[in-house]
Amino acid sequence: MNSVYTTRYFVSTLHSDCFGRCKPSALLRFAQDAAGEHCVLLGTDWNSMAKHRYFWAVVRQRMEITRLPKDGETVTVKTWPMPTTRVAYPRATEGFDEAGNSLFKIISLWVIMDMDTRAMVLPGNSGIVVPGTSFGTELKVPGSISAFEGSKDIHRTVTYSDLDLNGHMNNTRYLDWICDLLPAAFHKDHPMKAVSICYISEALEGQTLRLSHSEGDVFKVDGSLSQ
């Protein structure tokens with residue numbers, strides 16, 4: 001089994017923003033879909049995990065973007081699992097343009113969750129083995145991010161279109177929500193270069209989240225259940 005899985009995605013209007021550039025959340029979606037396709041080959045896809053009453057969840061991610069691809073481009077995505085840690089399964093992803101130039105890199109920290117208890121299952125107790133590879137070019141997994149009080153708040157409710165097969169808000173939707181906090185005019189002149197996300201707990205349909213945020217050299221957002 002090849003440790004690196006390669007696939008291609010065509011950037012369409014479905015993935016693009018109002019400036020014809022691929023939305024950052026779409027890059028996360030490419031990485032997520034490529035990982036899912038690879039998991040089918042590894043025997044750890046959603047259906048296989050569900051037989052054990054398990055599912056995969058992302059708890060931390062970092063993405064660094066060299067250039068957002070444009071509508072009409074084809075992106076080659078390579079993804080590979082890294083060596084499993086005591087608690088999680090890191091996975092690296094890199095995207096390339098048609099000339100072979102690197103567009104973005106992503107590091108994601110995946111954990112196994114129990115479908116019934118919604119509790120994390122340690123790799124050593126799960127029976128799920130994923131061979132890992134490290135090339136030394138991968139991004140570092142981001143550390144924990146401390147909670148903070150921003151200068152602005154908005155409230156937003158999780159709805160049908162935010163949900164995935166696990167019945168909770170998909171990780172790519174969080175990035176859409178973050179981007180929506182800034183106007184289009186800002187995004188036009190300030191395309192995203194890097195983002196780190198720490199997922200603390202799942203958000204379910206009907207729950208309202210308070211998005212506390214502050215602008216500065218680094219745009220920070222703290223999401224919590226609205227009281």
Side-chain angles (χ1 to χ4, degrees), residues 4-5 22-36 38-39 55-68 77-96 102-113 119-123 130 132-150 162 164 166 168-182 187 190-203 209-225:
V4 178
Y5 178 75
C22 191
K23 293 180 288 188
S25 63
L27 300 184
L28 286 187
R29 176 68 70 175
F30 292 161
Q32 178 178 283
D33 290 350
H38 196 193
C39 283
F55 67 89
W56 291 109
V58 180
V59 292
R60 291 180 189 172
Q61 283 184 308
R62 178 164 178 80
M63 175 167 61
E64 295 185 1
I65 303 169
T66 304
R67 179 178 69 83
L68 290 169
V77 174
K78 295 185 178 182
T79 183
W80 59 97
M82 296 177 65
T84 302
T85 70
R86 187 182 68 84
V87 298
Y89 300 79
R91 175 175 280 273
T93 304
E94 187 166 5
F96 302 87
S102 180
L103 292 169
F104 62 89
K105 286 186 176 184
I106 300 172
I107 186 75
S108 301
L109 199 62
W110 295 77
V111 298
I112 294 174
M113 302 293 291
M120 188 175 75
V121 181
L122 293 176
V130 179
T133 302
S134 179
F135 296 100
T137 59
E138 299 88 353
L139 300 179
K140 291 184 178 180
V141 176
S144 60
I145 301 174
S146 300
F148 77 100
E149 287 292 329
D162 298 316
D164 61 19
N166 298 319
H168 61 207
M169 186 167 162
N170 185 268
N171 68 294
T172 65
R173 292 293 292 141
Y174 287 90
L175 191 51
D176 279 327
W177 281 23
I178 291 170
C179 289
D180 285 346
L181 294 171
L182 295 165
H187 289 287
H190 303 87
M192 183 177 289
K193 294 298 184 183
V195 61
S196 294
I197 308 176
C198 183
Y199 304 95
I200 304 300
S201 60
E202 59 185 349
L209 305 185
R210 179 179 73 108
L211 304 178
S212 182
H213 53 287
S214 293
E215 299 178 24
D217 293 337
V218 176
F219 186 65
K220 297 181 179 180
V221 181
D222 183 283
S224 59
L225 283 178

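Please read these numbers as outputs of a predicted model, since none were measured by experiment.
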> What is the distance from atom NZ of K105 to atom CD of E64, rounded to the nearest 0.5 Å?
8.0 Å
> Where the side chain of K78 meets the backbone of F96, is there a donor-acceptor pair that is under 3.5 Å apart?
no
> So, using salt bridge (Lys or Arg N to Asp or Glu O under 4.0 Å) as the criterion, who are the partners of D222 when residues are at least two apart?
none
> Listing request: all side-chain hydrogen bond (donor to acceptor under 3.5 Å, both in side chains) pairs with a residue in residues 210-221, at least two apart in sequence or in separate chains.
E149-R210, K152-E215, D153-R210, D153-S212
> Checking S196 now: which residues fulfil side chain to side chain donor-acceptor pair (under 3.5 Å) with it, not counting sequence neighbours?
R62
> Yes or no on side-chain contact (heavy atoms from CB on, under 4.5 Å) for F104 and L28, after CA distance, side-chain angles and deciding distance?
CA-CA 10 Å; F104 62 89; L28 286 187; over 6 Å; no
> Identify, with sequence neighbours excluded, every residue that meets salt bridge (Lys or Arg N to Asp or Glu O under 4.0 Å) alongside D176.
R173
> Identify, with sequence neighbours excluded, every residue that meets ring pair (Phe, Tyr, Trp, His ring centres under 6.0 Å) alongside Y174.
Y199
> Holding to side chain to side chain donor-acceptor pair (under 3.5 Å), I want the full list of residues that pass it with T79, two or more places apart in sequence or in another chain.
R91, T93
> Quick check: do V59 and C198 have side-chain heavy atoms less than 4.5 Å from each other?
no
> Could you go through L27 and R29, starting from their C-alpha distance and side-chain angles, then the distance that decides it, and tell me whether this counts as side-chain contact (heavy atoms from CB on, under 4.5 Å)?
CA-CA 5 Å; L27 300 184; R29 176 68 70 175; over 6 Å; no
> Identify all side-chain donor-acceptor contacts of residues 139-148 below 3.5 Å with residues at least two apart in sequence or on another chain.
none

> So, do S102 and E94 sit near enough that their side-chain heavy atoms are less than 4.5 Å apart?
yes
> Do we see a donor-acceptor contact under 3.5 Å between the side chains of Q32 and N170?
yes
> Give the intermediate values and the outcome of side-chain contact (heavy atoms from CB on, under 4.5 Å) for residues S108 and R60.
CA-CA 6 Å; S108 301; R60 291 180 189 172; over 6 Å; no
> L225: what forms a side chain to side chain contact (heavy atoms under 4.5 Å, CB included) with it, not counting sequence neighbours?
Q207, L209
> Would you give the length of the straight line joining atom OG of S25 to atom CZ of F30, rounded to the nearest 0.5 angstrom?
9.5 Å
> Taking the side chain as C-beta and beyond, is there a heavy-atom pair between L122 and I112 under 4.5 Å?
no
> Return the SG to CE distance between C22 and M192, rounded to the nearest 0.5 Å.
12.0 Å
> Going from SG on C179 to CG on L181, what distance comes out if it is rounded to the nearest 0.5 angstrom?
8.5 Å
> Taking it one step at a time, do T133 and M82 satisfy side-chain contact (heavy atoms from CB on, under 4.5 Å)?
CA-CA 5 Å; T133 302; M82 296 177 65; over 6 Å; no
> Quick one: ring pair (Phe, Tyr, Trp, His ring centres under 6.0 Å) partners of W56, sequence neighbours excluded?
Y89
> In a check of side chain to side chain contact (heavy atoms under 4.5 Å, CB included) between Q61 and each of N171, L175, V195, which one passes?
N171
> Under the ring pair (Phe, Tyr, Trp, His ring centres under 6.0 Å) rule, collect the residues that match up with Y5, sequence neighbours excluded.
H38
> Suppose we screen for salt bridge (Lys or Arg N to Asp or Glu O under 4.0 Å). Which residues come up paired with D180, at least two apart in sequence or across chains?
R156
> Among residues at least two apart in sequence or on other chains, which ones pass ring pair (Phe, Tyr, Trp, His ring centres under 6.0 Å) with H168?
F55
